[in-house]
Asks: 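Structure in structure tokens, see below.
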Amino acid sequence: MYTMRLSRYFLPVLKENPADAQIVSHRLMLRAGMIKQASAGIYSWLPLGFKVLRKLEDIIHEEQIRAGHIPIQMPTMQSADLWRESGRYDDYGQEMLRVKDRHDRDLLFSPTAEELVTDIFRAHVGSYKDLPLTLYQIQWKFRDEIRPRFGVMRGREFYMKDGYNFDLTKEDALHAYNRHLVSYLRTYERMGLQAIPMRADSGPIGGEDTHEFLVLADTGESEVFYDSKVTDLTFGDRAIDYDDRAQCQAILDEFTSLYARTDETHDEAVFNQIPEDRRRVARGIEVGQIFYFGTKYSEPLNAAVTDPTGAKTPVHMGSHGIGVSRLIGALIEANHDDNGIIWPEGVTPFHCGIVNLKQGDAEADAACDALYKSLTALGLEPLYDDREERAGAKFATMDLIGLPWRITVGPRGLKNGVVEVTSRRTGVSEEMPPEQAVEKIAKIYANL
RNA sequence: CGGGCUAUAGCGCAGUCUGGUAGCGCGUCCGUCUGGGGGACGGGAGGUCGUAGGUUCGAAUCCUGCUAGCCCGACCA
């Protein structure tokens, strides 16, 4: 169990804006004590940031496993040999960090893992009976960006979910593609984000079919064009059977048939067929991408299975990524105000804050302790601000770190038997007895 | 990689032009008063001025090299 009393926690908040942070998410992550820059584009994750990272990771694992995908973990340092085999060692360019070990062998810090996962596959899978198979990992990656910027949104070291499907036929692989699209829709929605799948460019991964998921934000790096009706689409709590091909296909069609493209694939003529009042030009942050690339890696790397007729056939593959660390930046870009972050309930580092307005007041202290115990007994994680600080400082800290709910406890309210429950997002406060406040918070998180 | 800029206390900055041995705000520590939106007063701690060399009686300040970081551009999840 974490220490959830602020007096004993490690939350190095900053009152002033660090000079190097340009965009709001970077500023707020530094000010809220979530990260500390270690060098250009490389960050240490402090307790609050680390907690959010873990929450995102948990959601991703749950949704991937629900879709039938299997978690593994591959190394960050990889031998250049495999990359020479696929031809990408030379293709990848300066973005790939190359290192030599003591024996003068070429190593690299993995920017992605198609080669390695294909090597695992070819070593252990030989029959169509072992298909379909989708392996994924959540692991640190490195791309030696020419110019890292915007904090974790464009770092050099980043945390990423990357998954790889292996299928016997193109049809099977396209179902895997659809399955990923659906699972990603669910994943982002649970995080409180609207990420719109847009037709994209395949870039260095290569391939035929690809969609990027974009979160709309003014600070986004890509220009996007879409039909305003796409933002009305929500996945909601509809039941999904990932083995049901027709259902997965229908959901893909529903979410990708309206016009939504990045500037790379934008087609002015097609765009202009949308009724004028529905045409939108905006900016977006890319938080994920899915690819179908057929036998691009399986052929050169010789990843083949025996099909039912006894013939060897290269497997059809796809890969799929979610930028986990940059998602935190995207979440903040999409959820903040002048006072700080506003976490969606699904990803908040603590479920609520408890603010003791008069530390040292016997009744206030006792009421806060009781609230803290009741909430933790229900499996919730409150952050209790028990510091010897004035009310204003405590409010400012709570607003900055963005916990969605705050329970305010002071002598004045306690005299009437009530505490105050405040929504960070709306600012609306309600007075109620402490037990009722606990119930209210528990109810909010009951379905998450 | 091209163009621009910066480096002085944990954070934000002044001091550099005109050389004389470092200062402000915030934070931090101690004390008192406070107690519903970053409170007040008093007292303290904290800096090889990025680094190496040079000029000088004397360098944060002038000169040179190096390193790190930031911004714009090209590139990218």
Side-chain angles (χ1 to χ4, degrees), chain A residues 12-23 26-27 30-31 33 36-42 92-96 110-113 139-162 184 195 200-205 210-215 220-222 262-264 284-291 319-330 338-340 355-361 364-365 385 387-400 406 408-415 418-420 422 427 429 431:
Chain A
V13 298
L14 303 172
K15 212 166 182 177
E16 289 174 273
N17 281 324
D20 287 345
Q22 304 297 314
I23 63 168
H26 190 193
R27 273 206 306 270
L30 289 167
R31 286 196 50 208
K36 176 175 187 321
Q37 179 163 325
S39 67
I42 303 176
Y92 221 96
Q94 292 295 301
E95 273 200 340
M96 186 156 73
S110 170
T112 175
Q139 176 66 291
W140 291 97
K141 304 287 191 308
F142 197 94
R143 285 184 199 168
D144 197 3
E145 293 287 339
I146 298 168
R147 183 152 92 85
R149 61 185 120 176
F150 306 148
V152 299
M153 298 254 285
R154 179 84 181 276
R156 292 196 291 173
E157 188 179 52
F158 56 99
Y159 205 42
M160 181 181 172
K161 174 264 170 182
D162 50 321
Y184 279 23
D201 205 44
S202 63
I205 307 276
T210 178
H211 282 89
E212 283 181 341
F213 289 78
L214 284 112
V215 173
E221 73 275 53
S222 333
T262 63
D263 49 7
E264 294 164 336
I285 301 166
E286 193 193 323
V287 294
Q289 188 161 9
I290 55 177
F291 301 90
S319 72
H320 330 87
I322 295 178
V324 186
S325 46
R326 76 155 26 193
L327 259 172
I328 297 185
D338 289 346
N339 296 325
V355 170
N356 187 344
L357 291 176
K358 193 170 181 180
Q359 209 65 45
D361 177 274
D365 290 359
D385 190 346
R387 296 172 302 163
E388 278 293 343
E389 286 287 347
R390 311 260 308 186
K394 293 189 177 187
F395 289 141
T397 299
M398 281 295 170
D399 287 351
L400 175 63
R406 185 183 81 209
T408 309
V409 181
R412 196 189 291 171
L414 289 176
K415 219 169 282 175
V418 297
V419 297
E420 198 176 85
T422 307
S429 289
E431 294 198 328

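Just the heavy atoms: all of them, side chains too, but no hydrogens, waters or symmetry mates, feed the values below. Here is the naming used below: chain letters follow the sequence lines, and residue numbers restart at 1 for every chain. Computed from a predicted model, the values in this text were never measured in an experiment.
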Asks: Nearest whole Å is fine: how far is B:C76 C1' from A:Phe142 CZ?
Replies: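 Taking atom C1' of B:C76 as the reference, CZ of A:Phe142 is at 13 Å.
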Asks: According to the interplanar angle, ranging from 0 to 90°, do the rings of A:Phe213 and A:Tyr184 count as parallel (below 30°), tilted (30 to 60°) or perpendicular (above 60°)?
Replies: tilted
Asks: For B:C71, take OP1 and OP2 only and decide whether either is under 4.0 Å from a side-chain N or O of A:Arg147.
Replies: yes
Asks: Using whole Å, report how far CE of A:Met153 lies from P of B:C70.
Replies: 16 Å
Asks: Calculate the interatomic distance between A:Glu16 atom CD and B:U28 atom P; express it in whole Å.
Replies: 13 Å
Asks: Would you mind pulling out the nucleotide paired to B:A45, Watson-Crick or G-U wobble, both distances under 3.5 Å?
Replies: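 None - no nucleotide pairs with B:A45, as no candidate has both distances under 3.5 Å.
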Asks: Can you measure A:Asn17 atom CG to B:G25 atom C1' for me and round it to whole angstrom units?
Replies: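 Answer to the nearest Å: 15 Å.
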Asks: With a 4.0 Å cut-off on heavy atoms, is A:Gln22 in touch with a base, just the backbone sugar-phosphate, or nothing at all?
Replies: sugar-phosphate
Asks: Can you tell me how far P of B:C75 sits from CZ of A:Phe150, to the nearest Å?
Replies: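 Answer to the nearest Å: 15 Å.
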Asks: How is A:Gly323 classified with respect to the nucleic acid when contacts are heavy atoms under 4.0 Å: base, sugar-phosphate, or nothing?
Replies: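 Touches nothing.
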Asks: Base of B:G27, side chain of A:Arg31 - is there a donor-acceptor contact under 3.5 Å?
Replies: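 No pair found.
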Asks: Is there, by distance only and without an angle test, a donor paired with an acceptor across the side chain of A:Asp399 and the base of B:G37 below 3.5 Å?
Replies: yes
Asks: Picking from B:G38, B:C75, B:G36, which would you name as closest to the side chain of A:Ala396?
Replies: B:G38
Asks: Can you find a side chain N or O atom of A:Gln37 that sits less than 4.0 Å from OP1 or OP2 on B:C70?
Replies: yes
Asks: On RNA chain B, does the nearest nucleotide to A:Ser325 precede the nearest nucleotide to A:Glu431 from the 5' side, or the other way round? Give the residue.
Replies: A:Glu431
Asks: I'd like to know if A:Glu145 pairs up with A:Arg154 as an ion pair, taking the criterion as any Lys NZ or Arg NE/NH1/NH2 lying under 4.0 Å from an Asp or Glu carboxylate oxygen.
Replies: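 Salt bridge flag = yes for A:Arg154 with A:Glu145.
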Asks: Are OP1 or OP2 of B:C72 and a side-chain N or O of A:Arg149 less than 4.0 angstrom apart?
Replies: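 It does, given that an N or O in the side chain of A:Arg149 lies less than 4.0 Å from OP1 or OP2 of B:C72.
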Asks: Across the strands shown, which category fits A:Ser39 at heavy-atom distances under 4.0 angstrom: base, sugar-phosphate, nothing?
Replies: sugar-phosphate
Asks: Tell me if the side-chain of A:Arg154 makes a donor-acceptor pair with the base of B:C75, cut-off 3.5 Å, by modelled atom types.
Replies: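 When only heavy-atom distances are counted, A:Arg154 does reach the base of B:C75 through a donor-acceptor pair under 3.5 Å.
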Asks: Please determine if a side-chain N or O atom of A:Lys15 lies less than 4.0 Å away from the OP1 or OP2 oxygen of B:C26.
Replies: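 Checking A:Lys15 against B:C26: no side-chain N or O falls below 4.0 Å of OP1 or OP2.
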Asks: Identify whether any heavy atom of A:Gly360 sits under 4.0 Å from a base atom; if not, whether one sits that close to sugar-phosphate; answer base, sugar-phosphate or nothing.
Replies: nothing
Asks: Counting any heavy atom closer than 4.0 Å, what does A:Gly155 reach on the DNA or RNA strands: base, sugar-phosphate only, or nothing?
Replies: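 Counting heavy atoms under 4.0 Å across all strands, the contact made by A:Gly155 includes a base.
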Asks: When you measure only distances, ignoring hydrogens and angles, does the side chain of A:Arg406 come within 3.5 Å of the base of B:G37 through a donor and an acceptor?
Replies: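 In this structure, the two groups form a donor-acceptor pair.
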